[in-house]
Amino acid sequence: MTVLEELVHIVQTLGIDEQRQVLGLATKLSKSGNRSDVSVADLDMEDDAAWDAWSERTHARSAKVLEDEKQRLQGLGLIHEDWSARTADLPEDMLASSKTSVET
């Protein structure tokens with residue numbers, strides 16, 4: 001099984017909220033600037049050393065994107081250092097008692 005196939009299998013087992021988080025991260029990764037260093041377009045499919053080097057570059061880029069996202073979310077006060085949410089409470093405008101709605 002390829003790494004991509006494994007990821008697809010794992011994502012399918014996640015709840016909808018976790019799937020959205022994975023999609024959000026994938027979107028952020030795809031928008032993270034120049035991706036020529038992680039492109040597979042010119043990769044020799046038969047060269048194990050090239051695949052290993054590509055894998056290392058991809059992991060390094062992913063780690064950087066994750067760290068940037070973690071810092072952003074911490075800066076907003078949404079998560080702790082261990083990625084756990086600071087609160088499960090909904091914002092005031094999302095409560096049933098809110099005077100706002102999607103219609104206004």
Next item on the list: Could you tell me whether D48 atom CG has more than 12 heavy atoms of other residues or ligands within 6.0 Å of it?
Entry: no
Checklist line | Closest approach of L14 to E18 (non-hydrogen atoms, all atoms of both residues) | finding: CB-CB, 3.7 Å
Margin query: List the residues meeting salt bridge (charged side-chain N to carboxylate O under 4.0 Å, His left out) with R86, not counting sequence neighbours, and say none if there are none.
Written below: none
Item checked: Within one Ile-Leu-Val-Met-Phe-Trp-Tyr cluster: L66 and I79, side-chain cutoff 4.5 Å -> yes
Check: Is I16 isolated, or which residues cluster with it under the ILVMFWY side-chain rule of less than 4.5 Å, directly or via members?
Finding: none
Margin query: Going by side chain to side chain donor-acceptor pair (under 3.5 Å), name the residues that satisfy it together with R72, two or more places apart in sequence or in a different chain.
Written below: E69
Notebook entry, point to check: Taking only residues two or more places apart in sequence or in another chain, which ones pass side chain to side chain contact (heavy atoms under 4.5 Å, CB included) with S55?
Noted result: H59
Margin query: Test of understanding: with side chain to side chain donor-acceptor pair (under 3.5 Å), list the residues that count as partners of D89, not counting sequence neighbours.
Written below: T87
Check: Among all residues two or more places apart in sequence or in another chain, which pass the salt bridge (charged side-chain N to carboxylate O under 4.0 Å, His left out) test with E81?
Finding: K70
Checklist line | side chain to side chain contact (heavy atoms under 4.5 Å, CB included) partners for Q71, two or more places apart | finding: E67, Q74
Next item on the list: Go through the structure and list residues passing side chain to side chain donor-acceptor pair (under 3.5 Å) with D82, not counting sequence neighbours.
Entry: S84
Next item on the list: State which residues pass salt bridge (charged side-chain N to carboxylate O under 4.0 Å, His left out) with D17; sequence neighbours excluded, sorted by chain then number.
Entry: R20
Margin query: Applying a strict under-4.5 Å side-chain criterion to I, L, V, M, F, W and Y, I'd like to know whether V65 and L78 cluster together.
Written below: yes
Item checked: Shortest non-hydrogen contact from A85 toward H80 -> O-CD2, 3.6 Å
Check: Could you state the interatomic distance from OG1 (T13) to CD (Q19), rounded to the nearest 0.5 Å?
Finding: 8.5 Å
Checklist line | Contacts of type side chain to side chain donor-acceptor pair (under 3.5 Å), residue E56, not counting sequence neighbours | finding: none
